[in-house]
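Here's the structure, in structure tokens; my notes come after.
In this text, all values refer to a predicted model and were calculated from it rather than measured experimentally. Quick note on labels: first sequence line is chain A, next is B, and so on, each numbered from 1. The analysis underlying the following values was restricted to heavy atoms, covering all of them including side chains, and did not include hydrogens, waters or symmetry mates.
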Amino acid sequence: MGLRLHNTLTRRLEPFEPADPDRVGIYGCGPTIYGHAHIGNFRTFLFYDLLHRYLEWKGYGLHFVMNFTDVDDKTIGAAREAELTIAEYTEPFAEAILAEADALGMRRFDLYPRATAYVDRMIELVAALLEKGLAYTTADGSVFFDISAFPDYGKLSGKDLDQGRTGERVADDEYEKDDARDFALWKGVKPEDEEVGAAWDAPWGRGRPGWHLECSVMGMVEVGETLDLHLGGEDLIFPHHEGEIAQSEGATGKPFARIWLHVKHLRVEGEKMSKSLGNFITVRQLLDEGVSPAAIRHQLLSAQYRRELNFSRAGLEASEKAVTRLLDFRDRVARALDDSPGEEEGAATPPVPPLVAAARNARSAFEEAMDDDLNVSGGLGALFTFVSRGNSRLDEDAPLDPREGRAALELLDSLDQVLGVMELGSQARTVHDDELEAWVEDRIQARSEARKDRDWARADAIREELADRGIVLEDGADGTRWKRVGAAVGDRG
RNA sequence: GGCGCCGUGGCCAAGUGGUAAGGCAGAGGACUGCAAAUCCUUUAUCCCCGGUUCGAAUCCGGGCGGCGCCUCCA
């Protein structure tokens, strides 16, 4: 069984069959960069990252593109207020988002195109649609897509356009168009557009591209006329992706994407995240508070992308603990492997040791879950089941067979190529501060002496002192070990 | 009004026909000077009512409850 994905277009699970497995073309709708990205954006982007990592893990070669939308109404409005051009205004946000993506352990995609760099190609596409009679111009220099000329319009979102309230909310749109449901390919210039450098010349008049047009063009130019996968948040199904289909397929006559994936919106503490509720949380805020990136990543990835996910402080704490359990286990295996006896030359090959078999099972259970529409909860379950088995095995008296230690580490590292939580967590654990490290070692030495003298009060005081600095001690048969624990969650003073 | 999703232990969450993975939290125990980590034990009428079936959390019907989208918010 290979990977199967839920295609919004057919509303069914479909086998993933890219045209060229060595170059799978993927386009994900990225953020509009008029402000800082919030954690909802990052649920979507982390899903892209999970997909990216999983497909690479499965051996596919990818060409993965995520755009930055750097021109739209809000961007123009914000740039005007800041008295900057849209280019000046947006670029810092693009950089901030990439920095946050890095902080959350996202691997870089192949390309992050900015819409404004593709205006020439957008004009070409509009010209083609006008040529084909799928679009019309208006007196103010705008161009609209004529949905009545494109029978497939509505196929992605499943809308019956002759019914319901579709179009109701835009009946008073300031642009004149034949049908309220027609959407803008090109918006005739307004004075405020010129102020911020958001206007370009086109054969039918000066103006700026419509939102849907941008993604159609970046997708087709950078990935191809038919994408293997097109990704986005669930809110984009209509009208954004419906519009992209109309424009792209209207122009090329080819399917724009084989499979459409849509990520469900995140909730925050049980509520919809919105500015009016005042519960907008940015990744930047969380990081500044000292919340561990691994906990954020774990929580945002912990539910399957089409399931409801509620982001909460309590959940962050649970995630922090879960990642800690993984890291502790990995460290424990690594130590046990160091201590395990070397291979005996010429020894008869014993049967498969228990942990080797468990690792094998875990790997296949993980892959089976992930193949089922990226069921990451099931995948994490497989990983943690292995951790329990491994800890039990390490508690046994029988020394660890080196093959077991290696199989366990290989498994952990392999699954983390996909999950990326241990790599983030272990970064946070690594102390880069020689001075601190020396101090900790010194304190541990002092405590050991106190313990030797059975001066428990002093020993405990030292342990407390270390705990205040985020250092946790573990006394073992072979001495005292220490580790740095993740930043406190929700502890804002 | 249209289209769609969801309802599993204290919290989060897999499982879509053969009597319930996993994480967090709680209780008891082992280990420890005490801890930490780890292990063991322990906590589920799977929203309700019908139906199909030898058998349903899983399929069908009807309720109840929560949620999303319906023109520019990932």
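Counting only N and O atoms by type, the side chains of A:Ser216 and A:Gln247 include a donor and acceptor under 3.5 Å apart. Of the N and O atoms on the side chains of A:Glu368 and A:Ser364, not one donor lies less than 3.5 Å from an acceptor on the other residue.
Here the C1' atom of nucleotide B:G4 and the CD atom of A:Glu308 are 13 Å apart, to the nearest Å. Atom CG in A:Asn391 sits roughly 14 Å away from atom C1' in B:G23 (whole-Å rounding). Protein atom NZ of A:Lys264 is 9 Å distant from nucleotide atom P of B:C69, rounded to whole Å. In this structure, CG of A:Asp328 is placed 11 Å from P of B:C24, rounded to the nearest angstrom. Distance CD (A:Glu368) to C1' (B:U16): 14 Å, rounded to an integer number of Å. In this structure, A:Leu266 atom CG and B:C12 atom P are separated by 14 Å, rounded to whole Å. One can place CD of A:Glu234 at 9 Å from P of B:G68, the figure rounded to the nearest angstrom. Between A:Asn67 atom CG and B:C72 atom P the separation is 18 Å, expressed in whole Å.
To the nearest whole angstrom, the two P atoms, one in B:G62 and one in B:G2, are 15 Å apart. A gap of 10 Å separates the P atoms of B:U19 and B:A57, to the nearest Å. For the C1' atom pair drawn from B:U41 and B:C5, the interatomic distance equals 39 Å after rounding to whole Å. Rounded to whole Å, the separation between the C1' atoms of B:G66 and B:U71 comes to 27 Å. A gap of 13 Å separates the C1' atoms of B:U58 and B:U53, to the nearest Å. B:G22 and B:G15 have their P atoms separated by 14 Å, given to the nearest Å. Taking the P atom of each, B:U43 and B:C49 are spaced 24 Å apart, rounded to whole Å. When the P atom is used for both B:C11 and B:G63, the distance is 28 Å, rounded to whole Å.
As judged by a 4.0 angstrom heavy-atom cut-off over every strand, A:Ala322 is placed among residues touching the sugar-phosphate backbone only. Among the protein residues, A:Gly381 comes within range of the nucleic acid bases, having at least one heavy atom under 4.0 Å from a base atom. Contacts of A:Asp460 with the nucleic acid, taken as non-hydrogen atoms under 4.0 Å apart, include base atoms. Heavy atoms of A:Leu236 sit under 4.0 angstrom from primed sugar atoms or phosphate atoms, though from no base atom. In this structure, A:Arg335 reaches neither bases nor backbone, as no heavy-atom distance under 4.0 Å exists between it and the strands shown. Counting any heavy atom pair closer than 4.0 Å across all strands shown, A:Arg454 reaches no nucleic acid atom. Note on A:Ser319: nothing from the nucleic acid sits closer than 4.0 angstrom, heavy atoms only. If you check every strand for non-hydrogen atoms under 4.0 Å, A:His265 touches a base. As judged by a 4.0 angstrom heavy-atom cut-off over every strand, A:Gly40 is placed among the base-contacting residues. Contacts of A:Ser312 with the nucleic acid, taken as non-hydrogen atoms under 4.0 Å apart, are absent. The residue A:Arg306 sits apart from the nucleic acid: no heavy atom pair falls under 4.0 Å. Backbone-only engagement by A:Asp372 is indicated by non-hydrogen atom pairs under 4.0 Å involving sugar-phosphate atoms exclusively. At the heavy-atom level, A:Ser377 lies under 4.0 Å from base atoms of the strands shown. The residue A:Val472 sits close only to the backbone: its heavy atoms come under 4.0 Å of sugar-phosphate atoms, none of a base.
Taking the six-membered ring for Trp and thresholds of 30 and 60 degrees, A:Phe366 and A:Tyr54 have ring planes more than 60 degrees apart, a perpendicular arrangement. Note: A:Trp260 and A:His262 have parallel aromatic rings, judged against thresholds of 30 and 60 degrees for the angle between ring planes.
Considering only side-chain N and O atoms, A:Asn375 lies under 4.0 angstrom from the phosphate OP1 or OP2 of B:G15. The phosphate of B:A25 (OP1 or OP2) has a side-chain N or O of A:Lys321 nearer than 4.0 angstrom. A:Arg325 has a side-chain polar atom (N or O) that falls below the 4.0 Å cut-off from OP1 or OP2 of B:U38. Put simply, A:Ser392 has no side-chain N or O that comes within less than 4.0 Å of OP1 or OP2 on B:U38. Between A:Arg267 and the phosphate of B:C6, there is no side-chain N or O to OP1/OP2 separation shorter than 4.0 Å.
Position along RNA chain B of the nearest nucleotide to A:Phe280 versus A:Ile237 favours A:Ile237 as the more 5'-ward residue. Toward the 5' end of RNA chain B, the nearer of the two residues A:Ala459 and A:Phe384, judged by each one's closest nucleotide, is A:Phe384.
Counting only heavy atoms from C-beta on, A:Arg11 has its side chain closest to B:G4 among B:A37, B:G4, B:G15. Minimum atom distance to the side chain of A:Glu474 is reached by B:A36, of the listed B:G23, B:A36, B:U71. When the nucleotides B:U71, B:A36, B:U38 are ranked by their closest atom to the side chain of A:Arg332, B:U38 comes out on top.
Between the side chain of A:Lys187 and the base of B:C72, a donor-acceptor pair under 3.5 Å is found. One N or O donor and one acceptor, one from the side chain of A:Arg463 and one from the base of B:C34, sit under 3.5 Å apart. Residue A:Arg447 places a side-chain atom within donor-acceptor reach of the base of B:G33, judged by atom type and a 3.5 Å distance cut-off alone. A donor N or O paired with an acceptor N or O is found under 3.5 Å between the base of B:C34 and the side-chain atoms of A:Asp475.
Partner A:Phe145 forms a ring-ring contact (aromatic ring centres under 6.0 Å, His included) with one of A:Phe183, A:Trp211, A:Tyr136 and no other, that one being A:Phe183. Of the candidates A:Arg335, A:Arg429, A:Lys321, A:Asp328 forms a salt bridge (charged side-chain N to carboxylate O under 4.0 Å, His left out) with just one, namely A:Arg429.
Here A:His38 does not lie in a stacked arrangement on the base of B:A74, lacking the combination of planes under 30° and ring centres under 5.5 Å apart. With its ring centre under 5.5 Å from that of the base six-membered ring and a plane angle below 30°, A:Trp456 counts as stacked on B:G33.
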Assess whether ring-ring contact (aromatic ring centres under 6.0 Å, His included) is satisfied between A:Tyr153 and A:Phe150, documenting all intermediate values.
CA-CA 6 Å; A:Tyr153 192 76; A:Phe150 188 75; 7.2 Å; no
Checking A:Ser377 against A:Gln304 for the side-chain hydrogen bond (donor to acceptor under 3.5 Å, both in side chains) test, could you report, in this order, the C-alpha distance in whole Å, the side-chain angles of both residues, the deciding distance, and whether it holds?
CA-CA 6 Å; A:Ser377 304; A:Gln304 194 246 9; over 6 Å; no
What pairs of donor and acceptor atoms, side-chain ones from residues 449-461 of chain A against any protein atom, are under 3.5 angstrom apart with sequence neighbours left out?
{"residue": "A:Glu449", "atom": "OE2", "partner": "A:Gln445", "partner atom": "NE2", "Å": "3.3"}
{"residue": "A:Asp455", "atom": "OD1", "partner": "A:Arg458", "partner atom": "N", "Å": "3.2"}
{"residue": "A:Asp460", "atom": "OD1", "partner": "A:Arg463", "partner atom": "NH2", "Å": "3.4"}

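Shown here, B:C31 forms no base pair; nothing in the strands shown gives a Watson-Crick or G-U wobble contact with both key distances under 3.5 Å.
With contacts defined as side-chain heavy-atom distances shorter than 4.5 Å, the pair A:Cys29/A:His241 qualifies.
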